[in-house]
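In what follows, a structure is listed as structure tokens, so that the remarks can point back to it.
Chain identifiers are assigned alphabetically (A, B, ...) following the order of the sequence lines, protein sequences preceding nucleic acid strands; residue numbering begins at 1 within each chain.
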Protein chains: 2
Amino acid sequence: MDSELRNKDGLTEKEFLLQYRPGDYERPSVTVDILLFTVDPELNSLKLLLIKRGNHPYMNCWALPGGFVDMDESAFTAANRELKEETGLEGIYLEQLYTYSQPGRDPRMRVISIAYIALIPMTEAVAGDDATDTEWFDISMDSDRLLLTSKEKDITIEYLLKNKTFESGMITYDNQVPQLKSKSKLAFDHNLIIYDGLMRLRNKADYTDIVFNLMGEQFTLPDLQRVYEMVLGRKLYKKNFRDKIKDKVVNTGEEGKSIKGNKMSALYSYKK
Amino acid sequence: MDSELRNKDGLTEKEFLLQYRPGDYERPSVTVDILLFTVDPELNSLKLLLIKRGNHPYMNCWALPGGFVDMDESAFTAANRELKEETGLEGIYLEQLYTYSQPGRDPRMRVISIAYIALIPMTEAVAGDDATDTEWFDISMDSDRLLLTSKEKDITIEYLLKNKTFESGMITYDNQVPQLKSKSKLAFDHNLIIYDGLMRLRNKADYTDIVFNLMGEQFTLPDLQRVYEMVLGRKLYKKNFRDKIKDKVVNTGEEGKSIKGNKMSALYSYKK
DNA sequence: CTAATAGTGTCTCTAAGACAGTATGTT
DNA sequence: AACATACTGTCTTAGAGACACTATTAG
């Protein structure tokens with residue numbers, strides 16, 4: 001067995017691990033940041049949960065929910081735990097987005113943040129919490145602007161998207177960089193994270209079933225199309241849309257009204 | 001100005017940051033692991049660089065190159081630094097893959113690893129280094145097996161790919177999990193990382209120009225096709241392939257022989 | 001001459017995109 | 001009656017997939 005293999009100091013693995021002491025060097029803090037998306041019950045907008053910071057740095061700016069990764073849990077587990085604390089919900093769609101590690105992204109200390117995308121159905125949408133200044137922002141993005149608004153709190157957070165060319169090896173690719181336009185703003189590099197997350201969501205809407213995580217158990221096709229349109233940020237042709245999703249969906253035989261319409265429509269559910 | 005904004009203790013941001021002391025809690029180590037791919041000069045195989053571990057844990061197993069992220073550098077910078085140390089090359093294609101954070105993935109201590117994909121042209125391929133037991137493995141993967149082989153060292157590392165269904169929110173998706181088959185094996189969770197990286201490479205070969213990072217300045221279309229086939233792990237129809245890449249490529253007017261052929265062929269270069 | 005390789009033509013099938021049209025309901 | 005909405009038909013274009021074909025060259 002390999003368990004009796006000895007290293008150059010003559011130690012087996014068990015002996016090695018017993019005597020091993022990690023070096024005494026500085027380590028970064030590691031956190032998870034969560035992009036929690038949903039759609040509002042009237043299907044007017046895609047929504048993103050933000051929390052107002054009550055202290056420096058970025059005091060009074062809006063930030064993504066998140067927290068530290070504990071020593072005995074994975075980042076995925078930490079993100080699920082934060083979601084549970086924030087919304088009370090479990091079993092939510094959760095996907096790792098990207099890891100942000102630029103030194104100085106938090107002026108207090110070195111923080112590396114693993115960002116996650118979470119999606120909850122409109123029916124589960126939890127109200128904003130006034131006490132902790134938690135708020136669902138309407139979020140939209142077109143070719144040159146990222147816009148976050150809260151009607152209740154009368155807040156507009158706006159970033160212009162500037163085209164920038166990146167080089168990597170042989171290839172170059174165009175990307176966009178958010179540039180603050182409004183008075184209110186996002187904390188840390190959360191503007192980047194939100195931009196990246198929305199792009200990921202849009203891309204995955206095209207080639208996966210990710211959008212169904214924003215729907216309830218049953219839905220009409222007009223409602224499903226509206227959700228796709230909010231995610232993608234553009235109108236879709238009804239017939240083409242129905243052709244595209246027809247294999248992902250099954251007619252329940254029941255009928256119901258679409259959220260914005262008053263005409264009966266067939267109710268569908270997601271087909272696994 | 002916001003710089004005069006005071007928190008509930010009456011401190012400005014500058015004052016707050018001066019008195020701020022990070023909590024004295026345990027932090028994980030953060031490393032980068034690098035999937036360095038190239039193709040061999042005879043265009044027989046896609047290649048991946050691995051290093052043989054000389055100590056516990058996973059002594060004598062093969063591992064991805066990598067190292068710690070320093071406190072004053074981003075993970076991207078750390079990956080570039082490691083690449084420079086390993087190959088002497090700079091300006092290489094480098095893309096963040098995924099972050100692996102499962103507790104226990106390193107039995108010595110808590111290590112969170114940010115994995116990167118790097119691609120270098122075949123012409124730049126550095127030889128394996130006998131002193132440090134660095135070796136370029138031939139890598140291939142089909143629907144049910146991941147295979148890493150070194151002809152020189154007579155090593156075969158083989159993992160069967162077992163289908164597994166994952167649930168996340170409303171949707172389920174099928175994925176594959178590597179299961180050790182051979183006597184030689186990979187260290188830590190590097191089998192997962194390699195599987196994920198190869199899948200990413202294959203997906204991106206379809207909708208980006210990523211594969212050109214494996215080519216030299218000039219190449220014939222038959223050679224380019226062979227590289228695509230090695231990355232994708234399947235044969236392509238010549239005409240369809242040429243139609244697909246025709247806008248990515250420009251005829252230099254020169255002629256040269258393909259690496260495996262002895263007939264002259266038009267030389268192309270990558271069109272930005 | 002034969003076999004292999006470089007390169008092109010073309011057919012089918014599917015999916016995206018864009019409208020047009022019918023039926024059914026509300027006001 | 002007028003309008004909006006649910007739902008379907010169909011045309012065009014583009015790309016993936018699959019072969020068939022010609023031309024060229026090594027041996």
Side-chain angles (χ1 to χ4, degrees), chain A residues 42-44 142-143 202-211 215-216 218-269 271, chain B residues 42-44 142-143 202-211 215-216 218-269 271:
Chain A
E42 286 81 36
L43 293 191
N44 287 313
D142 61 23
S143 60
R202 284 184 176 183
N203 285 332
K204 283 208 149 185
D206 268 336
Y207 67 94
T208 73
D209 296 353
I210 194 172
V211 171
M215 309 302 296
Q218 291 197 336
F219 44 84
T220 66
L221 295 189
D223 283 350
L224 180 64
Q225 181 172 349
R226 268 186 207 97
V227 174
Y228 265 91
E229 287 173 344
M230 289 187 301
V231 168
L232 295 173
R234 62 188 169 90
K235 283 281 174 191
L236 299 173
Y237 287 92
K238 184 162 41 174
K239 178 57 159 48
N240 305 339
F241 173 74
R242 291 164 104 104
D243 285 348
K244 179 158 175 151
I245 54 92
K246 68 172 183 298
D247 290 335
K248 303 177 188 293
V249 107
V250 57
N251 193 325
T252 63
E254 296 178 65
E255 294 219 317
K257 283 184 178 175
S258 293
I259 291 171
K260 294 206 98 173
N262 44 18
K263 195 171 165 182
M264 294 304 268
S265 181
L267 283 171
Y268 287 76
S269 62
K271 184 204 266 179
Chain B
E42 287 80 35
L43 293 191
N44 287 314
D142 62 23
S143 60
R202 286 185 174 182
N203 285 331
K204 283 208 149 185
D206 267 336
Y207 67 93
T208 73
D209 296 352
I210 193 173
V211 171
M215 308 304 296
Q218 291 197 337
F219 45 83
T220 66
L221 295 190
D223 282 352
L224 180 64
Q225 181 173 348
R226 269 186 207 96
V227 174
Y228 265 91
E229 289 173 344
M230 290 187 301
V231 167
L232 295 173
R234 62 190 169 90
K235 284 278 173 192
L236 300 174
Y237 287 91
K238 184 162 43 173
K239 179 56 160 46
N240 304 339
F241 173 73
R242 290 163 105 102
D243 285 349
K244 178 157 175 151
I245 54 92
K246 69 171 183 297
D247 290 335
K248 303 177 188 295
V249 107
V250 57
N251 193 326
T252 63
E254 296 178 66
E255 294 220 318
K257 283 185 178 173
S258 293
I259 290 172
K260 295 208 96 173
N262 43 18
K263 195 171 164 180
M264 294 302 269
S265 181
L267 284 171
Y268 287 76
S269 62
K271 184 203 266 177

*Decide side chain to side chain contact (heavy atoms under 4.5 Å, CB included) for B:Val227 and B:Phe219; before the verdict, give the C-alpha distance in whole Å, the side-chain angles of both, and the deciding distance to 0.1 Å.*
CA-CA 11 Å; B:Val227 174; B:Phe219 45 83; over 6 Å; no
*Checking side chain to side chain contact (heavy atoms under 4.5 Å, CB included) for the pair B:Arg242/B:Lys246: CA distance, chi angles, key distance, verdict?*
CA-CA 6 Å; B:Arg242 290 163 105 102; B:Lys246 69 171 183 297; over 6 Å; no
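Counting atom types as modelled, B:Lys238 pairs a side-chain N or O with a base atom of C:dA6 as donor and acceptor under 3.5 Å.
Nearest nucleotide to the side chain of A:Ser258, out of D:dA6, D:dA18, C:dT8: D:dA6. Between C:dA6, D:dA26, D:dC7, one nucleotide has an atom nearer to the side chain of B:Asn262 than all others, and that is D:dA26.
Atom OH in A:Tyr207 sits about 19 Å away from atom P in C:dA15, given to the nearest Å. Note: NZ (A:Lys263) to P (D:dT5) measures 9 Å, nearest angstrom. Here the C1' atom of nucleotide D:dA6 and the CG atom of A:Leu267 are 13 Å apart, to the nearest Å. Straight-line distance from the NZ atom of B:Lys235 to the P atom of D:dG17: 16 Å, rounded to whole Å. To the nearest angstrom, P of D:dA16 lies 14 Å from CD of B:Gln225. In this structure, B:Ile259 places its CD1 atom 21 Å from P of C:dA4, rounding to the nearest Å. Taking atom NZ of A:Lys239 as the reference point, atom P of C:dC19 lies 15 Å away to the nearest angstrom. What separates NZ of B:Lys257 from P of D:dT25 is a distance of 11 Å, to the nearest Å.
A close approach under 4.0 Å does occur between a side-chain nitrogen or oxygen of A:Ser265 and OP1 or OP2 of D:dC7. For C:dA16, the OP1/OP2 oxygens have no side-chain nitrogen or oxygen of A:Tyr237 closer than 4.0 Å.
Under the 4.0 Å criterion applied to side-chain N and carboxylate O atoms, B:Arg226 and B:Asp223 are assigned as salt-bridge partners.
Interatomic distance, CG of B:Leu221 versus CG of B:Leu267, reported as 9.5 Å (0.5 Å rounding).
Between the side chain of A:Lys244 and the backbone N or O of A:Asp206 there is at least one donor-acceptor pair closer than 3.5 Å.
The residue among B:Lys246 and B:Asn240 whose nearest nucleotide of DNA chain D is located toward the 5' end is B:Lys246.
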